[in-house]
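Any value given below was found using the heavy atoms of this structure, including those in side chains, with hydrogens, waters and symmetry copies removed. Note on naming: letters A, B, ... go to the chains in the order of the sequence lines (proteins, then strands), and numbering restarts at 1 for each one.
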There are 2 protein chains.
Amino acid sequence: MTPTARTSTRPQPPEPAGLPEPLPEPAREDLRLETVLGALSDPLRLFIVRKLLLEREAFDHPCGWFGIDRPKSSLTHHFKALREAGVIRQRQYGLERRSHVRTDDLDARFPGLLDLVAAWTPVDADFPPRIRKGGTRAS
Amino acid sequence: MTPTARTSTRPQPPEPAGLPEPLPEPAREDLRLETVLGALSDPLRLFIVRKLLLEREAFDHPCGWFGIDRPKSSLTHHFKALREAGVIRQRQYGLERRSHVRTDDLDARFPGLLDLVAAWTPVDADFPPRIRKGGTRAS
DNA sequence: CGACCAGTACGACTTTACTCGAACTTAGCG
DNA sequence: CGCTAAGTTCGAGTAAAGTCGTACTGGTCG
């Protein structure tokens, strides 16, 4: 089918010279290595961060963009975990909540960590299961 | 130091040209980033690995050397977790089981990771609680 | 207004991890 | 042999995480 790739990259809504406020997140100096490593130790979250790092485009991405075949509530859970650990920053743009990696903060506090994540090659090429139609899955 | 620093570094037992076999561990090519990060996401284990990296001496260290005030069974648990994740290698020397970080394997698979861990400065300088006398704690 | 859509909140369940005591194993030593 | 010491194994209790369905919220657009 794929009549309309509704969740793929499309122009950001007008940002009237000021971005929306980021959602609550730890400050750079409060980032803790154990916490960040813990956030990255989940396969799905590692996938998300890698995808953000590797397929970086000009814009942030809503969580539907990742094409992950999991219930929406699970995605919320994992994005929240990443944000609260300080790995990603999220902003609300109308309906969607867009995410990007906090590369500046992470490079400052844990230099080399993101390069490591970006350079790593996953073992399971088919992870995670991709979107299929039907069910109560993520839109 | 205390009068009887029984667990501090002392000469290794004679190794008759062949080291004891390492305990079961994943091969280099089976190391998984998620697993390694998960192993390092525990504060106590991160402390252990850091201590091994920073105070590296000529010899491997038995787990009593770390001076951690926790029950012996807890230490076994954490050292086993590190070994099964592929972070450390353990060998049996008579009574004691000595550990060292698998720097070669980790640098090969995840370059920069150990430098990151070594460079990081822990927030809590008093972690973990040090040895005190009494109780059923680690000897 | 009303339908729709992205995403959240909540709650239940399951799984995993951490923590610890107690009993056991094994090596070295007198 | 019998003691001590280093460490394991087992089992239980508890806390944290992952999973997912259902209901809800809040923009957007006809």
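- Atoms NZ (B:Lys80) and P (C:dC20) sit 18 Å apart, rounded to a whole Å.
- The separation between B:Ile68 atom CD1 and D:dA6 atom P is 15 Å, rounded to whole Å.
- If you take CG of B:Leu75 and P of D:dA6, they are 12 Å apart, rounded to a whole angstrom.
- Under 3.5 Å, the side chains of B:Gln90 and B:Ser99 contain a donor-acceptor pair of N or O atoms.
- Qualifying ring-ring contact (aromatic ring centres under 6.0 Å, His included) partners for B:Phe79, counting only residues two or more places apart in sequence or in other chains: B:Phe66.
- Qualifying salt bridge (charged side-chain N to carboxylate O under 4.0 Å, His left out) partners for B:Arg89, counting only residues two or more places apart in sequence or in other chains: B:Glu25, B:Asp105.
- Rounded to a whole Å, the CZ atom of A:Phe79 is 14 Å from the P atom of C:dA6.
- Phosphate contact (OP1/OP2 of D:dT8, side-chain N/O of B:Thr76, threshold under 4.0 Å): present.
- For A:Ser74, the side-chain atoms get nearest to D:dT19 when compared with the rest of C:dA9, C:dT19, D:dT19.
- Neither A:Leu23 nor A:Ile48 shares a network with the other; the hydrophobic side chains, linked directly or stepwise wherever heavy atoms of I, L, V, M, F, W or Y lie under 4.5 Å apart, form separate groups for each.
- For the pair A:Gln90 CD and C:dA6 C1', the computed distance is 12 Å after rounding to whole Å.
- Atom CZ of A:Arg91 and atom C1' of C:dG7 are 18 Å apart (whole Å).
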Walk along nucleotides 23-29 of chain D from 5' to 3' and tag each nucleotide B, S or - by protein heavy-atom contact under 4.0 Å, base first, then sugar-phosphate. ---BBS-
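- Shown here are the side-chain hydrogen bond (donor to acceptor under 3.5 Å, both in side chains) partners of B:Arg97, two or more places apart in sequence or in another chain: B:Gln92.
- Taking the side-chain contact (heavy atoms from CB on, under 4.5 Å) definition, one finds that B:Thr103 meets it with B:Leu53, B:Arg56, B:Val101, B:Asp107, B:Leu114, sequence neighbours left out.
- Partners of A:Thr35 by side-chain contact (heavy atoms from CB on, under 4.5 Å), not counting sequence neighbours, listed by chain and number: A:Arg32, A:Ala85.
- Taking only side-chain nitrogens and oxygens, B:Arg97 never comes nearer than 4.0 Å to OP1 or OP2 of D:dA6.
- Residue A:Leu40 contributes atom CG, which lies 16 Å from atom C1' of D:dG18 at whole-angstrom precision.
- Of the candidate nucleotides D:dC20, D:dG7, C:dA6, D:dG7 has the atom lying nearest to any side-chain atom of B:Glu96.
- The nearest whole Å value for the distance from the CG atom in A:Leu44 to the C1' atom in D:dC20 is 14 Å.
- Annotation: side-chain hydrogen bond (donor to acceptor under 3.5 Å, both in side chains) contacts of A:Arg50 (sequence neighbours excluded): none.
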Using a cutoff of under 3.5 Å, can you pull out all pairs of nitrogen or oxygen atoms linking the protein to nucleotides 15-18 of chain C, with atom names and distances?
unit_1: C:dC18; atom_1: OP1; unit_2: B:Arg45; atom_2: NH1; d: 3.0
unit_1: C:dC18; atom_1: OP1; unit_2: B:Arg45; atom_2: NH2; d: 2.5
unit_1: C:dC18; atom_1: OP2; unit_2: B:Arg45; atom_2: NH1; d: 3.1
unit_1: C:dC18; atom_1: OP2; unit_2: B:His77; atom_2: NE2; d: 3.0

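- Taking A:Ala108 as the reference, A:Arg28 meet the side-chain contact (heavy atoms from CB on, under 4.5 Å) condition, with sequence neighbours excluded.
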